[in-house]
Amino acid sequence: MQSLSKTEEDLMNYLWKLEKAFMKDLLDAYPDPKPATTTVATLLKRMTEKGFVDYKLYGKSREYFPLVKKKDYFSKHVNGLIKNFFNDSASQFASFFTKETNLTKEELEDLKRLIDKEIKNKPN
């Protein structure tokens, strides 16, 4: 799976949220100042070529929809981040994440509960 540029990711987030959308829907999703229609059209063309987006044609209008699930996209990128920046060590990543972010004690407790739940659900 290729990756998306930051501007493509922004657009993809709107498309994931809308699930399917015409150009007007996507432009409406952006906050002001909205990008030019030609900019969004170029991004959609590149994202289609990369295999992230497809569309159905209704006359001259295209209804776009994602081909990749948000969870799958970000899962691949988090795993790539762990591999490339933390020597493929989830422990190094967790250590960095818990020490270098401004998580509250409550947020850390929530993470601990999530991890404990996953440990219980893993087969031996």
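When a residue number appears, it is its place in the shown sequence, counting from 1.
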K.L.:
Is there a chain of hydrophobic side chains (I, L, V, M, F, W, Y, each step under 4.5 Å between heavy atoms) that links Phe65 to Phe52?
P.N.:
no
K.L.:
Quick one: do the Ser5 and Thr7 side chains pair a donor with an acceptor below 3.5 Å?
P.N.:
yes
K.L.:
Answer with yes or no whether the hydrophobic clustering places Val68 together with Tyr14; edges join I, L, V, M, F, W, Y residues whose side-chain heavy atoms lie under 4.5 Å apart.
P.N.:
yes
K.L.:
Side chains of Leu44 and Met23: does their closest heavy-atom pair fall under 4.5 Å?
P.N.:
yes
K.L.:
Write down the atom of Pro35, the atom of Leu27, and the distance for their closest heavy-atom approach.
P.N.:
O-CD2, 3.5 Å
K.L.:
Side chain of Tyr73, backbone of Leu4: donor and acceptor closer than 3.5 Å?
P.N.:
yes
K.L.:
Check step by step if side chain to side chain contact (heavy atoms under 4.5 Å, CB included) holds for Glu63 and Phe22.
P.N.:
CA-CA 5 Å; Glu63 183 179 44; Phe22 291 96; 3.6 Å; yes
K.L.:
Rounded at 0.5 Å granularity, tell me how far OH in Tyr30 sits from CG in Asp10.
P.N.:
6.0 Å
K.L.:
Can you confirm whether or not the ring centre of Phe96 sits under 6.0 Å from the ring centre of Phe85?
P.N.:
no
K.L.:
Looking only at heavy atoms, what is the nearest atom pair of Leu57 and Arg62, with distance?
P.N.:
CD1-CG, 3.4 Å
K.L.:
Rounded to the nearest 0.5 Å, how far apart are CG of Leu67 and CE of Met47?
P.N.:
10.0 Å
K.L.:
Salt-bridge test for Glu49 and Lys45: reply yes if a basic N is under 4.0 Å from a carboxylate O, no otherwise.
P.N.:
yes
K.L.:
So does Glu118 get a backbone contact from the side chain of Asn121, meaning a donor-acceptor N/O pair under 3.5 Å?
P.N.:
no
K.L.:
Restricting to non-hydrogen atoms, name the atom on Glu19 and the atom on Pro66 that form the minimum distance, rounded to 0.1 Å.
P.N.:
O-CD, 3.1 Å
K.L.:
Is there a donor-acceptor contact under 3.5 Å from the side chain of Ser95 to the main chain of Ser91?
P.N.:
no
K.L.:
Could you tell me which non-hydrogen atom of Ala29 sits nearest to which non-hydrogen atom of Leu18, and how far apart they are?
P.N.:
CB-CD1, 4.4 Å
K.L.:
How long is the gap from CG on Asn84 to CG on Asn79, to the nearest 0.5 Å?
P.N.:
10.5 Å
K.L.:
Is any side-chain heavy atom of Lys24 less than 4.5 Å from a side-chain heavy atom of Asp28?
P.N.:
yes
K.L.:
So how far is it from Leu103 CG to Leu111 CG, rounded to the nearest 0.5 Å?
P.N.:
6.0 Å
K.L.:
Atom NZ in Lys20, atom NZ in Lys56: separation rounded to 0.5 Å?
P.N.:
6.0 Å
K.L.:
Specify the closest pair of heavy atoms between Glu8 and Leu43, including all atoms of both residues, with the distance to one decimal.
P.N.:
CG-CD2, 3.8 Å
K.L.:
To the nearest 0.5 Å, how far apart are OG1 in Thr104 and CD in Glu109?
P.N.:
9.5 Å
K.L.:
With a 4.0 Å cut-off on N to O distance, would you call Asp116 and Lys112 a salt bridge?
P.N.:
yes
K.L.:
Does CG in Asp32 sit with more than 12 non-hydrogen atoms of other residues, nucleotides or ligands closer than 6.0 Å?
P.N.:
yes
K.L.:
Indicate yes or no for a side-chain donor-acceptor contact from Trp16 to the backbone of Lys71 under 3.5 Å, with no hydrogens or angles considered.
P.N.:
no
K.L.:
Determine, using the 4.5 Å side-chain heavy-atom cutoff (strictly less than), whether Ile115 and Leu108 are members of one ILVMFWY cluster.
P.N.:
no
